[in-house]
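Notes to accompany the following structure.
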Amino acid sequence: MSCWDTIADYGLRSIGIGERLLPTENFTLCQQFTLIGSGMLWNIYFGVLALLAGFFFAVALAVGKASQSRLIRKPAEWFIFVFRGSPLFIQFFFAYFLFLSLKQVIPFFSPLTSAWLGALVVLFFNTAAYSAEIFHGALQSIPKGDLEAADAYGMSGWSRFRRITFPTMLRLAWPAYTNEAIFLFHATTLVFFSGFPAWRQKGDALYYANYFADKTFNPFIPYPILAGYFILLTLCIVGLYGLANRHLNRHLPSNARRPIKLRPTLLR
Amino acid sequence: MKKLILTTAALALTAGIASADGHGKTVRMGTEGAYAPWNFVNDAGEIDGFERELGDELCKRAKLTCEWVKNDWDSIIPNLVSGNYDTIIAGMSITPERDEVIDFTQAYTPPDPSAYVAMSADVEVEGGVIAAQATTIQAAFVAEQGWTLVEFATPDETVAAVKNGEADAVLADKSFLDTVAGTDGLVMLERMEQIGGGVGMGVRESDQELKATFDAAIQSMKDDGTLNAMIAKWEVASQW
Amino acid sequence: MFSYCSDPSTLDGLTWLSCYLTTGKHMGLYVSVVTVLVLLAVTAPVALLFGFAGAASARSRIAPLRWFGKAYTAIVRGVPDIAFFLFFVIALDQGFEWIRHKILCSDWDQPIRQGSDFVVCDAAKLPLSSSPQWVHETYGFLLAVLTFAIVFGAFAANVLFGAMRAVPRAQMETAEAYGMSHRQAFWRIMVPQMWVYALPGLSNLWMVLIKATPLLFLLGVEDIVYWARELGGTKNARFTDYPHGDWRMWYFLALLVFYLAFTKVSEIVLDKIMKKLTHGQATAAGEAQRKAAA
């Protein structure tokens, strides 16, 4: 069986398309690469959706935490504290438990007990809390002059937030937010490892790596493959966030430093 | 730190006493400690169960000094081949795949069927949702049948899944399910599956001497009936 | 533990609970709390050292050293810690034994890799198989510290690298103008000043480190989550004097409180340190402190 056949059979195995049975003997490197790569789909799914949804919630939480009103500030503070202060392991455990009880009372909530929704919700809350803390820090360090200038222009409320506060906050928070995105993608490996059950052997990259490590009794092949995939993924994230960072800072003179730096060599 | 060393030293001491009269080399016995009645951690925090008693008796007969080591199930074989302990005695069924990587002593319990536990006795297993612990022979079996397999990290969670309706039934070793059947409305089904061989001790392939020593010790326990008595006491399997 | 605990089945209420919570098994849980705290206390400085070395080498003028520093931070940061833990400890352990084997048993004629077995001479074993169990556990603990330090050292290196760059360029130029060598300027000007820029990142890392401790079990160290799971699971009357149902909920709740409290204490302490470090620094916060005092 050639490697292309393997990819055709198992490339989408993690979402239930292709061969039903996982390989059980004569494990090839190709199978390991294909299945673990197939599992990466789940890691990307969890990571991307949680990040996107979490971003908006995080901004709301950050603004809430910076609010003057106790009624808004306290809940935001507590939410951030609880989700940042406890291991994801424990959050998954309680979430699964809670979702099960919810399901028994109201059948409408039954998708929550499966990983595709339940784990996503937990990761969403988790990343929202971490990002909110980062954004809150950025909000605090917005230069006073920027806000005064906005006032001088007669901006207030929403337009001041949208045109001054929000972009500046993003710009200040972006490096730390990049780190948070990397951490979140790494955290997605915990979903099937300790949190939610895997149905019909559909799992994430770590699930398949674990499967191979268990079947071949050799951890030195599947886990480094998994590590390789994640290094690639991390590079992509860093690249994308770097692009976004350039966009956010496009008006700043610091970006113009580059041509200046190059000039001496050109003159010489 | 001091406290940690003190308690572990005390543990090592109690583990050593079991075979204090042995003057052979020290053999480290790897087990999981989470699989009653085979091996578990008792109230005193020591490893206990059928395999603890069996292992200590085997070591006494083979005149070896034995020490007990707890290891996570997932990495129990890699840690054996890499030399962190010398045997696996953790309710491990002898399977061809495992036999390729490590060697087994002769089985100390006969092959026993795996059983199902469900909330009612007339649950249809075929085509149902079956819970199993991830990466066990039972999980592989259910996947092969084409039924809906749902995998959990620990045996406890598989049973919990049946109780809360996530799964129709759980497939696991009969001796383990015996401990839960009859509680909280769980019943054992008539149907059994003959999967897996007997349970033996795992040793490194390069360690033939140790394998022979334990083979002989197991044989002597089989011969004088002490092994059967021990199996009966712990209700782990059928007798020889 | 207590004298009245000899027959727990006759007890109820608080007395039962007092016996239950003081069994040898629960002592295992309490010991693991101490283990985790000790591990954190040991790992943090070691990881900081790794991070400092990584950041310094990433800035080095010697190219191979610089590549090493950059590769270390890039690779280790790219891998989920859990994937790293699942194979790295065994690799580390085998690496140490291999080195010892080469040194101690040069006359050994058998191959080290026999099939899937990793066989070194008895003298090269780490620790020796005849050593008592506590030596093995301490060794396992140290391996865990080392693995944690390597992983979090990479993150620390990233933070410190950024902090070194954040030290105002003018400060370094002034140092050079005073005739300091590169090395002198690094140690006397940059290192003392970089901490204030590094601290927010480092405190964040500390919080992440605290929450990585449930992964310790993968490294062969019995951590609190392992014990909570073990103790909370349904207990059958056949194997214990204290049978109970699925109590994981309560154990995990206790863990939640533990972690939240630990985080809170850390936050307070780190805030204090930040205030100290800011003192007299050329930053906005330092300026504010100076003004408030004046």
Side-chain angles (χ1 to χ4, degrees), chain A residues 36 43 78 81-94 97-98 126 130 133-134 137 140-141 143-144 175-176 179-180 182-183 185-190 193-194 205-206 209-210 213 216-238, chain C residues 71 74-91 94 116 118 155 158-159 162 200-201 204-205 207-208 210-215 217-218 223-226 228-229 232 246 248-249 251-267 283-285:
Chain A
I36 295 173
N43 297 99
W78 270 98
F81 176 62
V82 167
F83 275 93
R84 283 183 81 232
S86 58
L88 196 54
F89 256 90
I90 293 178
Q91 291 168 23
F92 273 135
F93 174 84
F94 279 112
F97 196 86
L98 179 78
N126 192 277
Y130 274 92
E133 183 65 24
I134 294 170
Q140 300 296 348
S141 41
K144 208 172 78 181
N179 264 340
E180 161 55 21
I182 296 174
F183 272 123
F185 274 94
H186 289 183
T188 57
T189 51
L190 276 179
F193 189 77
S194 73
L206 184 65
N210 210 8
T216 60
F217 308 106
N218 182 357
F220 297 125
I221 296 173
Y223 293 128
I225 292 177
L226 173 75
Y229 274 121
F230 265 96
I231 290 175
L232 283 182
L233 183 64
T234 307
L235 287 179
C236 291
I237 300 168
V238 171
Chain C
I75 292 175
V76 178
R77 276 178 75 221
V79 180
D81 42 8
I82 186 169
F84 210 72
F85 293 160
L86 281 169
F87 71 93
F88 194 70
V89 193
I90 300 180
Q94 289 191 353
S116 43
F118 179 84
F155 285 98
N158 188 47
V159 171
N204 207 26
L205 203 55
M207 300 292 178
V208 177
I210 294 174
K211 270 150 273 153
T213 49
L215 297 179
F217 191 60
L218 297 177
D223 71 290
I224 32 187
V225 175
Y226 160 78
R229 208 171 259 171
D246 187 350
R248 282 178 304 164
M249 182 78 182
Y251 282 93
F252 275 79
L253 206 60
L255 286 193
L256 185 71
V257 171
F258 169 78
Y259 276 108
L260 288 180
F262 197 23
T263 307
K264 194 83 215 167
V265 171
S266 301
E267 271 178 3
T283 60

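Keep in mind that this is a model prediction, so the values were computed, not measured. Note that these values count all heavy atoms, side chains included, but never hydrogens, waters or copies made by symmetry. A, B, ... follow the sequence lines: proteins, then strands. Residue 1 opens every chain.
Looking only at distances, no side-chain donor or acceptor of A:N210 sits under 3.5 Å from a matching main-chain atom of A:F193. A:E133 contributes no side-chain N or O that, together with a main-chain N or O of A:R84, makes up a donor-acceptor pair within less than 3.5 Å. Counting only distance, with no hydrogens or angles, the side chain of C:K211 and the backbone of C:Y259 share no donor-acceptor pair below 3.5 Å.
Taking the six-membered ring for Trp and thresholds of 30 and 60 degrees, C:F155 and A:F183 have nearly parallel ring planes, at less than 30 degrees apart. A:Y223 and C:F87 have parallel rings, their planes meeting at less than 30° on a 0 to 90° scale where 60° marks the start of perpendicular. Relative ring orientation between C:Y226 and C:F217 is described as parallel, the plane-to-plane angle staying below 30° on a 0-90° scale split at 30° and 60°.
For chain C, the nearby parts of A:P224 are the backbone and the side chain; heavy atoms of each come within less than 4.5 Å. Using a 4.5 Å cut-off between heavy atoms, A:L190 contacts chain C through its side chain alone, with no backbone atom that close. Heavy atoms closer than 4.5 Å to chain C are found in the side chain of A:F93, but not in its backbone. Heavy-atom distances place the side chain of C:V208, and not its backbone, under 4.5 Å from chain A. Only the side chain of A:F94 has a heavy atom closer than 4.5 Å to any heavy atom of chain C. If you measure heavy-atom distances from A:Y229 to chain C, you find no contacts under 4.5 Å at all. Both the backbone and the side chain of C:I75 come within contact range of chain A, with heavy atoms under 4.5 Å apart. At a 4.5 Å heavy-atom cutoff, the contact between C:I90 and chain A is made by backbone and side-chain atoms alike. At a 4.5 Å heavy-atom cutoff, the contact between A:Y130 and chain C is made by side-chain atoms alone.
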Criterion side chain to side chain contact (heavy atoms under 4.5 Å, CB included) on C:R229 and C:L255, from CA distance to verdict = CA-CA 11 Å; C:R229 208 171 259 171; C:L255 286 193; over 6 Å; no
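The greatest number of non-hydrogen atom pairs below 4.5 Å with chain C, out of A:F97, A:F81, A:F185, is found for A:F81. Most heavy-atom pairs under 4.5 Å with chain C, from the set A:L233, A:N179, A:L88: that is A:N179.
Legend: residues meeting salt bridge (charged side-chain N to carboxylate O under 4.0 Å, His left out) with C:D246, ordered by chain and number and at least two apart, are C:R248.
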